[in-house]
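Everything below concerns the one structure shown next.
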Amino acid sequence: MSKVKVIACSGIGKVYGLMTREAVLEVTNHLAPEVSETVCLAHIVTGDAAARAKVEGCDCITVDGCPALCSAKSVESAGGIIKARFRSIDEMRTHRGGDAGTATALSEDGWKIVDEFAEKIAAKVMESVSQ
Amino acid sequence: MTETQVGVLSCSGEEFLGGTLVRLATRKVMEELRPGKVVTLCLPLYIAGGEEEREFAKNYPVIAVDGCDKCCAKVATLKYSGEVHDTIVLTELLDRNVILSKIVSARELRPEHYAMADIVASEICKKVDEILAEQ
Ligand code: SF4
Ligand code: SF4
């Protein structure tokens, strides 16, 4: 069975984009490497059929920074089956007053928030695999 | 008169070290090396976005900065706005095997990776300065 694709938007303008990237990498590298992997979002939407085939018909979990939902929209249009959509901006709402850092570097608090966020995403990966 | 700014679009790829380095370098140029002279945009927003985002490359001369020779930022800019002023492709600039390695998270970056990001940042600055001198 192919691995669940976990795909971050990696937005460059605000800390939310960096949070998506680091949370996804924590899931695919450490929390669930046997059953999940990531792919370059930019490649599946700009690449050829072989690039789109990386997500087409595959179970995907998208992780976006903000309500623009760039990863979810792009993965959907590339034919990925979206099992869950996450937004890092929602994580900040549950950590009101917290300072996650900047789009360049996460703060100590930012890393803690990202780790909690990654646990939630990994739980969805496991749920998706067990279905 | 509005001062000319240069658009820098980085691929921010998630599969290879190159994606992390172009992202870091772009942020460094914006924040430290050429503040106020460079603007950027989330590449996925540019790709998935509406008219306003698509105008980006029409409003600013764009440098596409890509982590590998799949050149996603360049391809996206050409596809949606028709023009790329200049490009940087990391696999042409630095050791290909290192750039295509799986070290992507900021947690794993070591001093040598930051040194590579600095090389990319100075390459971006060189191209920004050239464009500004032409204007
Ligand atoms: S979802 Fe938001 S943060 Fe992420 S790429 Fe799109 S606009 Fe940028
Ligand atoms: S240029 Fe290479 S590293 Fe960057 S998004 Fe495309 S495939 Fe990924």
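Expressed to the nearest 0.5 Å, how far SG of Cys70(A) lies from OH of Tyr46(B) amounts to 13.5 Å. Taking CD1 from Ile47(B) and OG from Ser77(A), the interatomic distance works out to 10.0 Å, rounded to the nearest 0.5 Å. Annotation: the span from Ile12(A) atom CD1 to Ser10(B) atom OG amounts to 3.5 Å, rounded to 0.5 Å. Of the inter-residue distances, the one linking Cys71(B) atom SG with His43(A) atom NE2 reads 10.0 Å to the nearest 0.5 angstrom. Once rounded to the nearest 0.5 Å, the distance linking CD of Glu108(B) with CG of Asn29(A) reads 5.5 Å. Expressed to the nearest 0.5 Å, how far CG of Leu43(B) lies from OG1 of Thr46(A) amounts to 7.5 Å.
No chain of hydrophobic side-chain contacts below 4.5 Å, direct or via other Ile, Leu, Val, Met, Phe, Trp or Tyr residues, connects Val39(B) to Val120(B).
Taking Ala73(B), Ala76(B), Cys42(B), Cys72(B) one by one and counting their heavy-atom pairs under 4.5 Å with chain A, the maximum is reached by Cys72(B). If you tally non-hydrogen atom pairs under 4.5 Å between each of Cys68(B), Ser12(B), Ala48(B), Gly67(B) and chain A, the highest count goes to Ser12(B). Between chain B and the residues Glu22(A), Lys73(A), Glu26(A), the most heavy-atom pairs under 4.5 angstrom are made by Glu22(A).
When only modelled atom types and interatomic distance are considered, Thr38(A) and Glu15(B) share no side-chain donor-acceptor pair under 3.5 Å. There is a side-chain donor-acceptor pair under 3.5 Å between Thr20(B) and Arg21(A). Between the side chains of Glu14(B) and Ser10(A), at least one donor N or O sits under 3.5 Å from an acceptor N or O.
The residues Asp48(A) and Lys70(B) are annotated as not salt-bridged, no charged nitrogen and carboxylate oxygen being separated by less than 4.0 angstrom.
Looking at Ala103(A), the atoms closer than 4.5 Å to chain B (heavy atoms on both sides) sit in the backbone and in the side chain alike. Neither the backbone nor the side chain of Val6(A) comes within contact range of chain B; no heavy atom of the residue lies under 4.5 Å from a heavy atom of that chain. Looking at Leu18(A), both its backbone and its side chain come within 4.5 Å of chain B, counting heavy atoms on both sides.
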- Query: Yes or no on side chain to side chain contact (heavy atoms under 4.5 Å, CB included) for Lys28(B) and Thr104(A), after CA distance, side-chain angles and deciding distance?
  - Reply: CA-CA 8 Å; Lys28(B) 183 161 187 165; Thr104(A) 305; over 6 Å; no
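At least one donor-acceptor pair closer than 3.5 Å links the side chain of Arg23(B) to the backbone N or O of Gly11(A).
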